[in-house]
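Beneath this line is the structure, given in structure tokens, with notes to follow.
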2 protein chains.
Amino acid sequence: MATARERAHARTLEKIVALGRDQLAEVGPARLSLREIARGLGMVSSAVYRYVASRDELLTLLIVDAYQELGQAVESAIAEPPDPRQQYAAAGHAVRHWALANPARYALVFGTPVPGYHAPAELTTGPGTRVIVALVRIFDAAWQAGALDVPQREPGPALLADLEEIAREYRLGLPPAGLAAAVTAWTGLFGAVSFEVFGQYGENTFRAPEELFEEQLAALATAAGLR
Amino acid sequence: MATARERAHARTLEKIVALGRDQLAEVGPARLSLREIARGLGMVSSAVYRYVASRDELLTLLIVDAYQELGQAVESAIAEPPDPRQQYAAAGHAVRHWALANPARYALVFGTPVPGYHAPAELTTGPGTRVIVALVRIFDAAWQAGALDVPQREPGPALLADLEEIAREYRLGLPPAGLAAAVTAWTGLFGAVSFEVFGQYGENTFRAPEELFEEQLAALATAAGLR
DNA sequence: CCATACCGAGAGCACTGCTCTCGAAAGTTC
DNA sequence: GAACTTTCGAGAGCAGTGCTCTCGGTATGG
């Protein structure tokens with residue numbers, strides 16, 4: 001049961017995260033300022049430290065927040081389509097849309113790790129794995145349904161051990177080579193999205209980025225063996 | 001002819017970039033401090049503004065510096081192997097090695113755009129395109145040699161126009177679908193490298209990242225039609 | 001009803017990027 | 001070789017940052 005004090009505390013903490021999110025969008029992660037957030041709350045800067053131990057802790061909160069929202073977006077996007085290939089495409093589109101709508105939060109999570117700051121694994125790994133877990137489940141289901149052409153290449157011995165460990169942990173029937181394919185489909189997806197969001201393509205090189213993305217998705221899905 | 005003054009100027013500017021590079025490696029882009037660089041030079045902070053107009057300009061210098069070194073590494077790696085698929089693999093390994101050896105500089109260029117800062121296109125696009133240009137040349141040569149299975153998928157109309165424009169600019173024989181494949185091989189490569197360098201895989205999920213990368217390279221090459 | 005835990009204010013420290021002025025040295029011109 | 005101009009480093013200073021400390025007021029739980 002939450003006391004009134006606890007509820008008030010949680011509410012202003014929520015406000016802090018919201019203001020941080022706004023500021024992130026405006027000025028980016030590195031110029032995120034606790035003092036500015038304090039001003040937004042009508043408090044003095046030191047008061048914010050009652051709620052957040054440091055700037056880094058605020059960053060952690062924002063990272064978890066972003067992971068959760070992206071994970072949620074992907075999971076609900078996947079729910080609809082009937083076959084695995086369309087599910088992968090839906091996941092890809094969900095990632096891209098969220099990233100384009102929230103470039104700063106995407107950058108916070110998938111861009112340069114904030115200098116000096118190292119995300120505490122116990123808080124971030126859970127939310128951070130939602131997307132890859134969702135993708136792997138798609139591939140696992142595809143394999144069960146016989147809709148996955150597992151690549152002929154056999155992973156090297158050490159990689160094989162890693163993959164088997166993961167398959168065991170998540171109770172996957174998916175063979176290691178299929179899991180490796182899922183990982184490539186994952187990293188390839190984020191490579192494509194990151195290049196677009198971070199402006200790595202030139203200014204006007206691609207006037208039809210969504211069509212390029214479509215092409216990339218198709219290539220990645222085929223490469224991963226999704227029929 | 002460079003006067004003594006100009007040479008001295010160039011030399012301390014070079015020192016500034018070198019110190020910036022060191023500092024980048026230590027504390028990352030956002031905590032890069034002009035004052036610290038001044039201390040390293042035995043100067044007072046205001047003096048470095050004789051050489052560099054702002055922190056952002058220093059960042060630009062470091063970005064160009066990083067692009068050039070990576071481009072150089074990739075170009076010389078490509079020179080050796082005889083066939084296109086091995087050239088692509090060599091390029092991939094060059095990118096990965098450079099990125100792992102210079103994570104901060106890699107992050108500066110391929111990670112989160114530094115907040116507020118927008119790289120001046122006239123300085124960065126040239127060096128910034130060296131890698132993709134090298135990759136496209138591989139694909140173009142492969143196509144000329146009949147070693148490229150151009151994907152059957154036809155790009156959408158707008159994307160087609162973009163691709164044709166690029167092919168014209170760089171005088172490529174490579175058909176649009178092949179160019180699109182090269183782009184996916186490019187973004188997929190950097191997706192894989194970024195995930196490893198930025199620590200997006202968990203702590204101990206992959207104990208054999210180089211074998212995973214090998215697998216990713218093979219999948220991307222095959223997907224792009226390199227035999 | 002009162003002791004306690006909480007919470008905001010305020011001052012202050014060390015740091016940052018950046019601007020200004022000033023004097024000295026070096027290079028250029030006559 | 002003298003006079004002028006450009007360059008460059010030093011120093012002070014401004015506005016901003018994260019973060020720490022202390023000091024009161026206040027709402028809460030026993």
Side-chain angles (χ1 to χ4, degrees), chain A residues 1-17 19-20 22-24 26-63 104 108 113-120, chain B residues 1-17 19-20 22-24 26-63 104 108 113-120:
Chain A
M1 58 220 75
T3 72
R5 203 173 233 175
E6 280 173 344
R7 290 196 298 120
H9 189 103
R11 220 181 43 206
T12 69
L13 186 61
E14 195 61 44
K15 270 191 193 171
I16 289 175
V17 172
L19 284 172
D22 295 349
Q23 211 182 116
L24 210 60
E26 281 177 36
V27 301
R31 287 194 196 169
L32 188 146
S33 157
L34 268 172
R35 285 184 126 102
E36 182 61 34
I37 288 178
R39 278 190 285 274
L41 284 169
M43 294 200 298
V44 90
S45 77
S46 62
V48 182
Y49 286 85
R50 299 281 173 202
Y51 299 89
V52 151
S54 68
R55 210 189 82 115
D56 282 5
E57 192 179 299
L58 175 57
L59 279 176
T60 302
L61 289 176
L62 290 169
I63 287 174
L108 178 63
V114 179
Y117 165 82
H118 204 62
Chain B
M1 61 216 74
T3 73
R5 205 172 232 178
E6 283 172 342
R7 288 196 298 121
H9 190 101
R11 219 182 43 206
T12 69
L13 186 60
E14 195 61 43
K15 269 191 194 170
I16 288 175
V17 173
L19 284 172
D22 295 349
Q23 212 183 116
L24 211 59
E26 282 177 36
V27 299
R31 288 194 195 169
L32 189 147
S33 155
L34 269 171
R35 285 184 127 104
E36 182 60 36
I37 289 177
R39 278 190 285 273
L41 284 168
M43 293 200 299
V44 88
S45 78
S46 62
V48 303
Y49 284 85
R50 299 282 172 199
Y51 300 89
V52 153
S54 67
R55 210 189 81 116
D56 283 4
E57 192 178 300
L58 176 58
L59 279 177
T60 302
L61 290 176
L62 291 169
I63 286 173
L108 179 63
V114 179
Y117 164 83
H118 203 64

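By convention in this document, chain letters (A, B, ...) are assigned in the order of the sequence lines, proteins followed by strands, and residues within each chain are numbered from 1.
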Checklist entry - Atom CG of Asp56(B) and atom C1' of dC18(C): how far apart are they, to the nearest Å? => result 12 Å

Next on the checklist: Looking at every heavy atom in both Ala38(B) and Ser45(B), which two are closest together, and how far apart are they?
Outcome noted: CB-CA, 3.6 Å

Checklist entry - Can you give the first and last nucleotides of DNA chain D, 5' to 3', that have an atom under 4.0 Å from a heavy atom of chain B? => result dT6(D) to dG13(D)

Next on the checklist: Do Pro29(B) and Leu24(B) make a side-chain contact, defined as non-hydrogen atoms from C-beta onward lying under 4.5 Å apart?
Outcome noted: yes

Next on the checklist: Please report the distance, rounded to the nearest Å, between NZ in Lys15(A) and P in dC7(C).
Outcome noted: 14 Å

Checklist outcome for this item: Interatomic distance, CD@Glu14(A) vs OH@Tyr51(A), rounded to 0.5 Å, equals 13.0 Å

Item to check | Nearest-0.5 Å distance that lies between atom OG1 in Thr12(B) and atom CG in Leu19(B) | outcome: 10.5 Å

Item to check | Any residue meeting side-chain contact (heavy atoms from CB on, under 4.5 Å) with Ser54(B), in chain and number order, not counting sequence neighbours | outcome: Asp56(B), Glu57(B)

Next on the checklist: I need the Leu62(A) CG to Gln23(A) CD distance, nearest 0.5 Å.
Outcome noted: 9.5 Å

Next on the checklist: Is there a side-chain contact between Ile37(A) and Val52(A) in this structure, where contact means two heavy atoms from C-beta onward sitting under 4.5 Å apart?
Outcome noted: no

Checklist outcome for this item: Letter by letter from the 5' end, nucleotides 21-29 of chain C scores (B base, S sugar-phosphate only, - none; protein heavy atoms under 4.0 Å) B----BS--

Checklist outcome for this item: Rounded to 10°, the angle between the first-five-pair and last-five-pair axes of the helix from dT4(C)-dA27(D) to dC30(C)-dG1(D) is 10°

Checklist entry - Ile16(A) CD1 to dG8(C) C1': how many Å, rounded? => result 12 Å

Item to check | Listed once per pair and sorted, the salt bridge (Lys or Arg N to Asp or Glu O under 4.0 Å) pairs that draw on residues 42-51 of chain A, sequence neighbours left out | outcome: none

Checklist entry - What does Tyr51(B) touch in the nucleic acid at a heavy-atom separation under 4.0 angstrom: a base, only the sugar-phosphate, or nothing? => result sugar-phosphate

Checklist outcome for this item: Across all chains, not counting sequence neighbours, the salt bridge (Lys or Arg N to Asp or Glu O under 4.0 Å) partners of Arg39(A) are Glu36(A)

Next on the checklist: According to side-chain contact (heavy atoms from CB on, under 4.5 Å), who are the partners of Ala47(B), at least two apart in sequence or on a separate chain?
Outcome noted: Met43(B), Val44(B)

Checklist entry - Which part of the nucleic acid, if any, lies within reach of Ser54(A) when heavy atoms closer than 4.0 Å are counted: base, sugar-phosphate only, or nothing? => result sugar-phosphate

Protein-nucleotides 12-16 of chain C N/O pairs under 3.5 Å:
unit_1, atom_1, unit_2, atom_2, d
dG12(C), O6, Arg35(A), NH2, 3.3
dT16(C), OP1, Ser33(B), OG, 3.3
dT16(C), OP1, Arg39(B), NH2, 3.1
dT16(C), OP2, Arg39(B), NH2, 3.4

Next on the checklist: So, taking the atom named OG1 in Thr60(A) and the one named CZ in Arg55(A), what distance separates them when rounded to the nearest 0.5 Å?
Outcome noted: 11.0 Å

Checklist outcome for this item: The reported gap from CG in Leu61(A) to CD1 in Ile16(A) (rounded to nearest 0.5 angstrom) is 9.0 Å

Next on the checklist: With a 4.0 Å limit, can you tell me whether His9(A) has a side-chain N or O closer than that to the phosphate oxygens OP1/OP2 of dC6(C)?
Outcome noted: no

